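Please read the structure below before turning to the comments.
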Protein chains: 2
Amino acid sequence: MRIGELAQQAGITTRTLRHYESLGLLPARRTGNGYRTYDEEDLRLLRQIRTLADFGFGLEETRPFVECLRAGHPAGDSCPASLEVYRRKLAELDDCIEDLQRVRAEVGAQLARAELARAALQAEADIPGGPPPRCAFTPPDTAPGSSKP
Amino acid sequence: MRIGELAQQAGITTRTLRHYESLGLLPARRTGNGYRTYDEEDLRLLRQIRTLADFGFGLEETRPFVECLRAGHPAGDSCPASLEVYRRKLAELDDCIEDLQRVRAEVGAQLARAELARAALQAEADIPGGPPPRCAFTPPDTAPGSSKP
DNA sequence: GTAGACCTTGACGTCGGCGTCAAGGCCAGC
DNA sequence: GCTGGCCTTGACGCCGACGTCAAGGTCTAC
């Protein structure tokens, strides 16, 4: 199978396949005219790469999995090096999720605070005399928010 | 204050300040000799930028906050445009966290599965006759895992 | 023989937020 | 005047995973 067909089967572009080859991740045999040629095994390797890449693994991180498959093991994660990548990725994901959750909480709090502040200003603007006084007494001169009577 | 001093006060580099200026985010006045000069207000704007940037906001996303401060509002998030950025960021964070949690679950499951598979293979290797039979009866010919006696 | 669909290599562009030179100007202290 | 420390602009580098264009070779069908 040639590069175009493999790309189509895998739902990627030929550029991507050439990129993988340039990294030594998925080298190709060549036909007489110099065209790249692939077989079903290459499709398996490619699927392994894409599965991990879609999970957010860097291409270098997929290498142990590909080499594991190429060594004849039943699955890409049958080798210790692959498991180590899994573990590192899990730790990385946990750190990242934790960070994002902290940020999310901070931003959410800021938004709530800012919306309250705006609501307060709005209330002030709605009532030209300022916020409703807590008692019937109205101060003689220094009424807040009455700069534009 | 000159660029080096502002950078030091903010804990960033002069390159970063020049970068912000090139984006029009934090323009500087100039002294007679062409040196950039900043005041306390610029430090406020810069602090606003850095706070958001440290939260993972893109520099363009900090612009509404900076413009809000520059317009004389009490806080960078006193303006509707800033609140809109907050809300978009929250949605973005939620999506991202959700994605990462899904991936984390998937990777965790894969790791568990692969570890189990390896443990099974290990057990098979430890006992040359294959896994211990569930009863005393040993099958005559088709003993599993005994391809290498 | 020629159009068109496929393939080749090479090289530059993208996105963000700067880092890192390079070549030179300005100013203070000795 | 001269050293050293600050400043200036300009321009290329980096990271990752490709996109995109250019110039050309190969094969099939008509």
Side-chain angles (χ1 to χ4, degrees), chain A residues 1-39 42 45-66 85 88-89 92-93 96 99 103, chain B residues 1-39 42 45-66 85 88-89 92-93 96 99 103:
Chain A
M1 141 175 60
R2 291 185 305 185
I3 193 170
E5 191 181 346
L6 179 60
Q8 196 178 353
Q9 297 248 351
I12 59 177
T13 69
T14 60
R15 177 69 182 88
T16 298
L17 284 170
R18 281 188 268 261
H19 182 51
Y20 292 173
E21 182 170 15
S22 80
L23 297 178
L25 200 55
L26 191 68
R29 269 76 53 200
R30 300 300 179 115
T31 61
N33 54 17
Y35 285 13
R36 289 170 178 84
T37 183
Y38 302 90
D39 57 19
D42 291 317
L45 302 183
L46 183 51
R47 284 199 215 281
Q48 174 74 78
I49 296 171
R50 289 312 309 172
T51 299
L52 295 172
D54 289 345
F55 277 164
F57 285 60
L59 291 179
E60 284 309 322
E61 291 176 320
T62 73
R63 198 181 291 274
F65 294 80
V66 177
V85 173
R88 281 212 328 267
K89 204 64 183 181
E92 196 181 309
L93 282 166
C96 189
D99 282 353
V103 168
Chain B
M1 126 181 67
R2 292 186 305 183
I3 193 171
E5 191 180 345
L6 179 60
Q8 194 178 353
Q9 296 248 349
I12 59 178
T13 69
T14 60
R15 177 68 182 86
T16 298
L17 284 170
R18 281 189 268 262
H19 182 52
Y20 292 172
E21 181 170 15
S22 80
L23 297 178
L25 200 54
L26 192 69
R29 268 76 52 201
R30 302 299 181 115
T31 60
N33 54 17
Y35 286 11
R36 289 172 179 82
T37 183
Y38 301 89
D39 56 20
D42 291 317
L45 301 183
L46 183 52
R47 282 199 217 281
Q48 174 74 78
I49 295 172
R50 290 314 308 173
T51 299
L52 295 172
D54 290 344
F55 277 165
F57 285 59
L59 292 179
E60 283 308 322
E61 291 177 319
T62 73
R63 198 181 293 271
F65 295 80
V66 177
V85 173
R88 281 212 329 266
K89 204 66 183 178
E92 195 180 309
L93 282 167
C96 188
D99 283 352
V103 168

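Note: hydrogens, waters and symmetry copies are ignored here, and every other heavy atom, side chains too, is used. Predicted model, so just to flag it, every value in this text is computed and none were measured. Residue numbers start from 1 in every chain, and the chains themselves are labelled A, B, ... in the order their sequence lines are given, proteins ahead of strands.
A:I3 places its CD1 atom 15 Å from the C1' atom of D:dT26, with the value rounded to the nearest Å. Straight-line distance from the CD atom of A:E61 to the C1' atom of D:dG16: 12 Å, rounded to whole Å. One atom, CD1 of A:I12, and another, P of D:dG19, lie 9 Å apart when rounded to the nearest Å. Note: CG (A:L25) to P (D:dG16) measures 14 Å, nearest angstrom. In this entry the distance linking CE of B:M1 with C1' of D:dC7 reads 16 Å, nearest Å.
A salt bridge is absent between B:E21 and B:R18: the closest approach of a Lys/Arg side-chain nitrogen to an acidic carboxylate oxygen does not fall below 4.0 angstrom. Checked for salt-bridge contact, B:E5 and B:R2 miss the test: no charged N lies under 4.0 Å from a carboxylate O.
In this structure, B:D54 contributes its side chain and B:T51 its backbone to no donor-acceptor pair below 3.5 Å.
Both the sub-6.0 Å distance and the 45° axial angle are satisfied by B:K89 relative to the ring of B:F57.
Atom CD of B:Q9 has more than 12 heavy atoms from other residues, nucleotides or ligands within 6.0 Å.
Sorted by residue number, the members of residues 30-39 of chain A with any non-hydrogen atom under 4.0 Å from DNA chain C read A:R30, A:G34, A:Y35, A:R36.
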Every protein N/O within reach of nucleotides 12-18 of chain C N/O, cut-off under 3.5 Å:
| unit_1 | atom_1 | unit_2 | atom_2 | d |
| --- | --- | --- | --- | --- |
| C:dG17 | OP1 | B:L59 | N | 3.2 |
| C:dC18 | OP2 | B:Y20 | OH | 3.0 |
| C:dC18 | OP2 | B:R50 | NH1 | 3.4 |

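Minimum heavy-atom separation, A:L45 to A:V66: CD2-O, 4.1 Å. The minimum heavy-atom distance linking B:I3 with B:T14 is given by the pair CD1-O, 3.7 Å.
Taking only side-chain nitrogens and oxygens, A:R18 comes nearer than 4.0 Å to OP1 or OP2 of C:dT8.
Using a 4.0 Å heavy-atom cutoff across all strands shown, A:R2 reaches sugar-phosphate atoms only and no base atom.
At least one side-chain heavy atom of B:Y20 sits under 4.5 Å from a side-chain heavy atom of B:R50.
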